[in-house]
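To start, the structure under review is shown below, and the notes come after it.
The residues of the chain are indexed from 1 along the displayed sequence. Atoms considered below: every heavy atom in the structure, side chains included; atoms not considered: hydrogens, waters and symmetry mates.
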Amino acid sequence: MFAKYLADQGMPTEIQNIHREHTEAFIGHLVSTFKPATAANRYRSLRVFFKWAVEEGEIKQSPMQNMKPPHVPDEPPAVLTEDELRMLLKTCEGKSYEDRRDNAIIGMLLDTGMRRAEIAGLKVDDVDLDLNVAIVLGKGRRPRSCPFGRKTAAAIDRYLRVRDGPRDANLPTLWLGRHGRMTDSGIFHVVTERARAAGLEGVFVHQFRHTFAHSYLAGGGNEGDLMMLAGWRSREMLGRYGASLSSFS
């Protein structure tokens with residue numbers, strides 16, 4: 001993208017002839033065309049590229065030396081409203097295999113704030129319906145406990161009673177689709193299809209994580225406990241959800 005921009009603007013495309021004004025013009029173009037976070041991500045990628053070029057001896061100095069990244073304002077993460085959640089759950093009130101499975105998936109996402117890969121990786125033995133808790137492997141393969149509520153426990157129990165039907169029921173994976181274990185893409189498909197059926201737009205799996213964190217803090221939950229439940233190692237995310245609460249006050 002940077003190379004195309006330089007060519008379109010009649011700027012140098014040979015790395016030895018690229019200077020700070022050229023990179024600044026490109027970053028300015030990104031800021032005016034995309035969201036600030038997107039521009040900041042591409043800024044960081046370009047810095048990595050020029051750092052590599054210096055280390056490889058292709059250039060003596062990075063044209064981005066002493067440049068500052070574009071400002072990214074704090075934007076409250078999108079959360080699902082109670083009405084939207086009711087509409088989503090209403091689409092899987094039936095008794096079919098898919099209805100029971102999807103109802104359990106959506107309940108688990110809402111109650112635990114699991115990442116998409118985390119919920120997809122759950123095994124049957126990872127879920128304790130006596131204690132209403134699931135054990136997940138988070139980023140860095142760090143295990144953590146994710147408690148869930150009574151309604152979600154009941155939904156999982158209903159799902160497990162029909163789970164024995166599919167031919168791959170002997171697999172250890174908790175969620176089963178038409179062709180064996182469900183991947184994180186399968187979880188994505190469940191959420192997007194249920195959102196479409198509910199007439200909702202722009203609903204994505206990570207939005208449940210946003211909603212979980214927002215609801216936890218709005219209910220007076222402890223920030224340290226939220227970090228443990230969500231599997232965060234940095235307090236940076238807490239600031240974002242603080243902004244989310246402010247936008248609702």
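Although no hydrogens or angles enter the test, the distance criterion places no donor-acceptor pair under 3.5 Å between the side chain of Glu193 and the main chain of Val190. Using a distance-only test at 3.5 Å, with no hydrogens or angles considered, no donor-acceptor pair links the side chain of Thr173 to the main chain of Trp175. The backbone N or O of Leu6 sits nowhere less than 3.5 Å from a side-chain atom of Gln9 that would complete a donor-acceptor pair. Between the side chain of Asp168 and the backbone N or O of Leu171, no donor-acceptor pair lies under 3.5 Å.
To the nearest 0.5 angstrom, Phe49 atom CZ is 9.5 Å from Ser62 atom OG. Atom CG in Asp126 sits 10.5 Å away from atom OG in Ser145 (nearest 0.5 Å). The CG atom of Leu109 lies 11.5 Å from the CD atom of Gln207; values are rounded to the nearest 0.5 Å.
At least one side-chain heavy atom of Ser96 sits under 4.5 Å from a side-chain heavy atom of Asp99. At least one side-chain heavy atom of Thr91 sits under 4.5 Å from a side-chain heavy atom of Arg194. Proximity of Leu200 to Met87: side-chain heavy atoms (C-beta onward) are separated by under 4.5 Å at one or more points. Asn66 places a side-chain heavy atom less than 4.5 Å from the side chain of Arg20. In this structure, the side chains of Leu46 and Phe2 come closer than 4.5 Å at one or more pairs of heavy atoms. The shortest distance between side-chain heavy atoms of Ile105 and Met182 falls below 4.5 Å. When side chains are defined from C-beta on, Arg115 counts as touching Lys139, because their heavy atoms get closer than 4.5 Å.
When every heavy atom of Ala53 is checked against every heavy atom of Ile15, the shortest pair comes out as CB-CD1, 3.7 Å. Considering all non-hydrogen atoms of both residues, Tyr43 and Met67 come closest at OH-O, 2.8 Å. Nearest approach of Gln65 to Gln61, heavy atoms of both residues: OE1-CG, 2.9 Å. The two residues Leu30 and Ala39 make their nearest non-hydrogen contact at CB-CB, 3.9 Å. Nearest heavy atom pair, residue Met108 against residue Ala134, reads CE-CB, 4.4 Å. Minimum interatomic distance between Asn17 and His22 (heavy atoms only, all atoms of both residues): O-CE1, 3.6 Å.
The number of heavy-atom neighbours closer than 6.0 Å to CD of Glu201, taken from other residues, nucleotides and ligands shown, is 12 or below. Enclosure of atom CD in Gln16 by more than 12 non-hydrogen atoms of other residues, nucleotides or ligands within 6.0 angstrom is indicated. By the 6.0 Å contact criterion, CZ on Phe188 is open, its count of non-hydrogen atoms from other residues, nucleotides or ligands being 12 or less.
Grouping the Ile, Leu, Val, Met, Phe, Trp and Tyr side chains by contacts below 4.5 angstrom, directly or via other members, places Leu129 with Met114. Residue Ile135 is not grouped with residue Ile119 when hydrophobic side chains (ILVMFWY) are merged at heavy-atom distances under 4.5 angstrom, including chains of intermediate members. One hydrophobic cluster, built from ILVMFWY side chains closer than 4.5 Å, cannot hold both Val133 and Val136; they sit in different ones. Val127 and Leu137 fall into different hydrophobic clusters, defined by Ile, Leu, Val, Met, Phe, Trp and Tyr side-chain heavy atoms under 4.5 Å apart, directly or through other members. When hydrophobic clusters are built by joining Ile, Leu, Val, Met, Phe, Trp and Tyr residues whose side-chain heavy atoms come closer than 4.5 Å, directly or via intermediates, Ile156 is not grouped with Leu131.
Exactly one of Val79, Leu226, Leu80, Leu217 qualifies for a side chain to side chain contact (heavy atoms under 4.5 Å, CB included) with Phe212. That residue is Leu226.
Ring geometry for Tyr5 versus Phe26: interplanar angle of 30 to 60°, hence tilted.
Counting only residues at least two apart or in different chains, side chain to side chain donor-acceptor pair (under 3.5 Å) contacts with residues 147-157 comprise Asp111-Thr152, Asp157-Arg161.
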Review point. Does the side chain to side chain contact (heavy atoms under 4.5 Å, CB included) test come out yes or no for Phe50 and Thr23, once each step is laid out?
Key: CA-CA 11 Å; Phe50 282 119; Thr23 55; 3.9 Å; yes

Check your understanding: Are Leu174 and Leu160 close enough, and set up right, to give a side chain to side chain contact (heavy atoms under 4.5 Å, CB included), and what steps lead you there?
Key -> CA-CA 9 Å; Leu174 178 60; Leu160 289 175; 3.8 Å; yes

Review point. Are Leu229 and Thr112 close enough, and set up right, to give a side chain to side chain contact (heavy atoms under 4.5 Å, CB included), and what steps lead you there?
Key: CA-CA 8 Å; Leu229 292 169; Thr112 66; over 6 Å; no

Point to revise | Candidate pair Arg144 and Glu118, rule salt bridge (charged side-chain N to carboxylate O under 4.0 Å, His left out), full reasoning | key: CA-CA 11 Å; Arg144 73 176 189 279; Glu118 291 172 346; 2.8 Å; yes

Practice item. Determine, stepwise, if the pair Arg116 / Ile187 fulfils side chain to side chain contact (heavy atoms under 4.5 Å, CB included). Key: CA-CA 7 Å; Arg116 190 169 75 180; Ile187 301 294; 4.0 Å; yes

**Study point:** Evaluation steps, salt bridge (charged side-chain N to carboxylate O under 4.0 Å, His left out), between Arg101 and Glu98
**Key:** CA-CA 5 Å; Arg101 181 199 62 197; Glu98 287 78 11; 5.3 Å; no

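Residues Thr38 and Asn41 have side chains that never bring a donor and an acceptor to within less than 3.5 angstrom of each other.
In this structure, Tyr159 has its ring center closer than 6.0 angstrom to the ring center of Tyr97. Residues His210 and His206 place their aromatic rings such that the two centres sit under 6.0 Å apart.
Salt-bridge check for Asp83 with Arg86: passed, with a basic side-chain N closer than 4.0 Å to an acidic carboxylate O.
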